[in-house]
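To start, the structure under review is shown below, and the notes come after it.
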Amino acid sequence: MKWLFKSEPETFSIFDLKKSPGGKNYWDGVRNYQARNFLRDSVKVGDGVLFYHSNTEPIGIAGEALVVKSGYPDPTQFDRKSQYYDEKATPQKPIWYVVDVKFIRACHEVISLRKLEKISALKNMVVLKRGVRLSIQPVTESEWTAITKLPEWR
DNA sequence: GCCAACGTTGGC
DNA sequence: GCCAACGTTGGC
């Protein structure tokens with residue numbers, strides 16, 4: 001499957017992923033049950049990820065990543081010093097999950113929200129729907145194709 | 001199990 | 001920084 005992962009670049013950007021050892025990192029800090037369920041149950045090795053920068057300028061798709069490890073417990077939920085610590089979670093009964101992603105490429109230019117809105121093939125895309133805050137979203141094959149052929153990748 | 005109050009997300 | 005829309009919490 002294909003996915004869109006949202007991140008605030010001030011917290012973790014496509015360039016932070018690129019700089020990570022081997023271009024790989026785990027996608028931590030998801031604390032929403034619907035997004036958690038996707039990470040735990042549906043995101044699989046080999047799946048493609050559109051890396052979306054939110055709450056920034058410019059807002060939009062900033063790159064592509066690849067899932068290299070499927071869901072496992074988010075280590076930050078057990079770390080008292082982490083902002084993502086959850087006192088209700090135990091290693092026996094984890095609550096939150098991560099997957100590992102690997103950097104594939106960054107857009108030469110961010111594909112802006114304004115631009116995405118103008119592409120008719122994307123009119124039902126989850127990220128463009130009003131009020132949707134979900135940070136892990138499924139992307140259809142046709143949406144993936146329409147986005148990955150845009151000139152901003154070159 | 002309802003729902004008001006509260007906290008968070010994220011575009012603007 | 002604002003605030004609408006949403007998700008979560010907790011009293012009842």
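Here is how names work: the chains are called A, B, and so on, in the same order as the sequence lines, proteins then strands, and each is numbered from 1.
Between A/L134 atom CG and B/dG11 atom C1' there is a gap of 16 Å when expressed in whole angstrom units. Atom CD of A/E10 is separated from atom C1' of C/dG1 by 14 Å (rounded to the nearest Å). In this structure, A/I136 atom CD1 and B/dT9 atom C1' are separated by 14 Å, rounded to whole Å.
Each of A/V132 and A/K88 lies near DNA chain C, and the nucleotide nearest A/V132 is the one positioned closer to the 5' end.
Look at A/K6 and you'll find a side-chain N or O under 4.0 angstrom from OP1 or OP2 of B/dG10.
Annotation: side chain of A/W96 is not in contact with side chain of A/Y84 (no heavy-atom distance under 4.5 Å).
The pair A/K19-A/D16 meets the salt-bridge criterion, with a side-chain N (NZ, NE, NH1 or NH2) lying under 4.0 Å from an Asp/Glu carboxylate O. A salt bridge is defined here as a Lys NZ or Arg NE, NH1 or NH2 lying under 4.0 Å from an Asp or Glu carboxylate O, and A/D86 with A/R31 fails to meet this definition.
No side-chain N or O of A/Y97 forms a donor-acceptor pair with one of A/R36 less than 3.5 Å apart.
The structure places OG of A/S13 at 5.0 Å from NE2 of A/H53, a figure rounded to the nearest 0.5 Å.
Within residues 107-131 of chain A, the residues having any heavy atom under 4.0 Å from DNA chain B are, by residue number, A/L113, A/R114. A heavy atom closer than 4.0 Å to some atom of DNA chain C occurs in A/N32, A/Y33, these being the qualifying members of residues 27-35 of chain A. Less than 4.0 Å separates DNA chain B from at least one heavy atom of each of the following residues of residues 48-63 of chain A: A/Y52, A/S54, A/N55, A/I59.
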What donor-acceptor contacts under 3.5 angstrom involve side-chain atoms of residues 56-73 of chain A, with partners at least two apart or in another chain?
{"unit_1": "A/E64", "atom_1": "OE1", "unit_2": "A/R105", "atom_2": "NE", "d": "2.7"}
{"unit_1": "A/E64", "atom_1": "OE1", "unit_2": "A/R105", "atom_2": "NH2", "d": "3.2"}
{"unit_1": "A/Y72", "atom_1": "OH", "unit_2": "A/D100", "atom_2": "OD1", "d": "2.6"}

Sequence neighbours left out, cut at 3.5 Å: what donor-acceptor pairs do the side chains of residues 146-154 of chain A make with other protein atoms?
{"unit_1": "A/T148", "atom_1": "OG1", "unit_2": "A/W144", "atom_2": "O", "d": "2.8"}
{"unit_1": "A/E152", "atom_1": "OE2", "unit_2": "A/K115", "atom_2": "NZ", "d": "3.0"}
{"unit_1": "A/W153", "atom_1": "NE1", "unit_2": "A/I147", "atom_2": "O", "d": "2.8"}

All N/O contacts under 3.5 Å from nucleotides 5-8 of chain B to the protein, with atom names and distances to one decimal?
{"unit_1": "B/dT8", "atom_1": "O2", "unit_2": "A/R133", "atom_2": "NH1", "d": "2.8"}

Taking it one step at a time, do A/E117 and A/K123 satisfy side-chain contact (heavy atoms from CB on, under 4.5 Å)? CA-CA 7 Å; A/E117 284 166 345; A/K123 65 172 181 290; over 6 Å; no

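For the side chain to side chain contact (heavy atoms under 4.5 Å, CB included) test with A/V99, the passing option among A/D74, A/V43, A/V45, A/D28 is A/V43; the others fail. No option in A/W27, A/F38, A/F51 other than A/W27 meets the ring pair (Phe, Tyr, Trp, His ring centres under 6.0 Å) test with A/F5.
More than 12 heavy-atom neighbours from other residues, nucleotides or ligands sit within 6.0 angstrom of NZ on A/K129.
Nearest approach of A/I136 to A/W3, heavy atoms of both residues: CG2-CE3, 4.2 Å. Closest non-hydrogen pair, A/A35 versus A/V30, comes out as CB-CG1, 3.5 Å.
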